[in-house]
Amino acid sequence: MPELPEVETVRAGLEPHVLGRRISSAQVYRDRAVRRQDGGPEAFAALLAGRTIGQVVRRGKFCWLTLTGPDGVPEDYALLVHLGMSGQMLVKTSDAGTEGHPHLRVRLQLEEGTQLWFVDQRTFGYLSVEDLVPTVDHGPGGFAGQDVAAALVPLAVAHIGRDLLDPALAPGTGARRELNRRLRAGRRGIKRALLDQSLISGIGNIYADEALWRTKVHYDQPTDRMSAARIEAVLEAAIEVLAEALAAGGTSFDALYVNIEGVSGYFARSLNVYGREGLPCKRCGTPILREKFMNRSSHFCPVCQRRR
DNA sequence: ACTGCGTCCTGGGGGC
DNA sequence: TGCCCCCAGGACGCAG
């Protein structure tokens, strides 16, 4: 469930706790949590020990911490964090014990007391120390927290498209027109396109359903049969709903998504269609339907959102 | 090249 | 009470 607003809430929350702090050690409690790591858990811990944390950057649902070596020189690698379905980054004081926390996967000990916990029940999330490389599209490296001129991203992020809240994607820019064109280019439904993180990043299942409800578009509407203006409306609605959710601290249905202090966001109460199967559409009163699509649930109003 | 499906994983909840 | 199946879904790998 962590999509852009949830990941950004975590990123912004982490920033003041980790900027300029030195990592003294890292403990991996579940190898799967570092499954992408070249060299495994040992390499993971060795690459982090003694490094100082620089910027905390996010692009879409990916977040990473840049690192500086013991000699003060920036490393050409970064600590990547992906929360997956149920990942959490929690800031703890140094005396917090790890007993009785069955889902604690990785712990970072920072100097001067703080601990960072990566907790993840469903283990779809991961941490890894990865080389920084140029992005495929040479767009800005990250949206939040990074000097845009740097434009370097961890390897796993190289093919990830621009962040939906990236200022470079403002209406009327060349990047925005290019995105609109690429969205309409393929033969596929609009929701599939919105969820394709290599085109545009940050949208997940919940906010895709919400943006499509707001613009009265069916989730499987073929994009090549949509006008540029219609695509623009969907993008604007997506940006709107992401910004509103971010202001509310994200969407939480249960304790699986929380901020760095373990507190839930409150956007769930503002959802218009996601999770409302059988309840009346807030526009026309028709019961909301839920259909299986792409191995997940799509919620929509069968009257407001017709395929054309 | 592009599209779309299966897989990974855990715990909660409903039905019988 | 216990068991089984379904459900949540981000991103990747691979088949067609």
Side-chain angles (χ1 to χ4, degrees), chain A residues 1-8 10-11 28-38 58-64 80-89 100-106 118-128 130 136 153-161 163-164 181-210 212 219-225 238 242 245 250-258 264-265 268 271 273-278 289-299:
Chain A
M1 283 170 246
E3 304 179 30
L4 187 154
E6 292 76 29
V7 180
E8 174 58 19
V10 169
R11 188 206 67 78
V28 177
Y29 299 100
R30 174 79 78 104
D31 288 0
R32 183 173 153 78
V34 295
R35 61 190 177 281
R36 273 192 60 96
Q37 183 67 52
D38 263 350
R58 183 188 57 73
R59 183 176 176 113
K61 304 169 195 171
F62 291 81
C63 182
W64 63 93
L80 178 66
V81 178
H82 197 290
L83 299 178
M85 262 295 291
S86 56
Q88 309 174 352
M89 288 297 289
H101 292 276
H103 306 129
L104 175 62
R105 309 307 189 195
V106 178
F118 177 64
V119 172
D120 189 14
Q121 183 206 94
R122 294 181 194 161
T123 74
F124 280 24
Y126 63 87
L127 304 187
S128 86
E130 303 201 354
V136 167
V153 302
L155 197 55
V157 185
H159 69 289
I160 297 297
D163 191 279
L164 200 64
R181 192 193 60 75
R182 289 178 68 190
L183 279 168
R184 281 179 294 126
R187 279 201 64 80
R188 55 182 170 175
I190 178 70
K191 184 170 176 180
R192 206 181 283 280
L194 289 175
L195 292 177
D196 181 347
Q197 305 294 303
S198 69
L199 274 180
I200 180 75
S201 63
I203 305 180
N205 199 43
I206 297 172
Y207 299 121
D209 281 3
E210 291 296 314
L212 292 169
Y219 65 83
D220 205 19
Q221 173 69 36
T223 56
D224 58 356
R225 302 198 51 190
L242 291 180
T251 298
S252 311
F253 300 112
D254 48 36
L256 282 192
Y257 163 71
V258 293
S264 294
L271 296 175
V273 68
Y274 185 88
R276 300 193 72 248
E277 180 185 16
L289 293 185
R290 177 172 68 94
E291 287 181 0
K292 274 280 183 197
F293 179 68
M294 296 174 69
N295 241 342
R296 63 197 67 193
S297 291
S298 278
H299 306 75

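Every chain is numbered from 1, with letters handed out A, B, ... down the list of sequences.
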On the 0 to 90° scale, with breaks at 30° and 60°, tag the H82(A)-Y126(A) ring pair as parallel, tilted or perpendicular.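 Taking Y126(A) first and then H82(A), their aromatic rings lie parallel (interplane angle under 30°).
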Candidates L104(A), V28(A), L83(A) - the one meeting side chain to side chain contact (heavy atoms under 4.5 Å, CB included) with F118(A):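 When L104(A), V28(A), L83(A) are each tested with F118(A), the side chain to side chain contact (heavy atoms under 4.5 Å, CB included) holds only for L83(A).
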Letter by letter from the 5' end, nucleotides 6-13 of chain B scores (B base, S sugar-phosphate only, - none; protein heavy atoms under 4.0 Å) BBBBBS--
So, is [X] close to the [N] phosphate, meaning a side-chain N or O under 4.0 Å from OP1 or OP2?
X       : N       : result
H82(A)  : dG10(C) : no
H159(A) : dC12(C) : yes
R290(A) : dA8(C)  : yes
R188(A) : dG4(B)  : no
K292(A) : dA8(C)  : yes
R296(A) : dG10(C) : yes

Looking at [X] and [Y], would you say the former's side chain and the latter's main chain have a donor-acceptor pair under 3.5 Å?
X       : Y       : result
E3(A)   : I206(A) : yes
D224(A) : R184(A) : no
S201(A) : R59(A)  : no

Whole Å only: how far is the [atom1] atom of [X] from the [atom2] atom of [N]?
X       : N       : atom1 : atom2 : value
L4(A)   : dG10(C) : CG    : P     : 13 Å
L199(A) : dT3(B)  : CG    : C1'   : 12 Å
D196(A) : dG10(C) : CG    : C1'   : 12 Å
M294(A) : dA8(C)  : CE    : P     : 14 Å
R35(A)  : dG10(C) : CZ    : P     : 14 Å
L195(A) : dT3(B)  : CG    : C1'   : 14 Å

Using a 4.5 Å cut-off on heavy atoms from C-beta on, say whether the side chain of M294(A) contacts that of R192(A).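 A side-chain contact exists here, since the closest heavy-atom pair is under 4.5 Å.
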Scan G125(A) against the nucleic acid and name what it touches under 4.0 Å (heavy atoms): base, sugar-phosphate only, or nothing.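 The residue G125(A) makes no contact with any strand.
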Determine whether more than 12 heavy atoms belonging to other residues, nucleotides or ligands lie under 6.0 Å from atom CG of D38(A).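 At most 12 heavy atoms, drawn from other residues, nucleotides or ligands, come within 6.0 Å of this atom.
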By nearest nucleotide on DNA chain C, pick out whichever of H299(A) and R36(A) is the more 5' one.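 Closer to the 5' end of DNA chain C: H299(A).
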Can you give me the bend angle of the helix from dC2(B)-dG16(C) to dC16(B)-dG2(C)? Use the axis through the first five pairs and the one through the last five, nearest 10 degrees.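 Here the local axes at opposite ends form an angle of 50°.
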Flag the pair R30(A) and D120(A) as a salt bridge only when some basic side-chain nitrogen lies within less than 4.0 angstrom of an acidic carboxylate oxygen.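 No.
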Ignoring the backbone of F62(A), work out which of dG10(C), dC5(B), dA11(C) is nearest its side chain.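 The listed nucleotide nearest to F62(A)'s side chain is dA11(C).
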Taking salt bridge (Lys or Arg N to Asp or Glu O under 4.0 Å) as the definition, give me every residue that meets it alongside R296(A), ordered by chain and number, with sequence neighbours left out.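 Once residues adjacent in sequence are excluded, R296(A) has no partner under the salt bridge (Lys or Arg N to Asp or Glu O under 4.0 Å) criterion.
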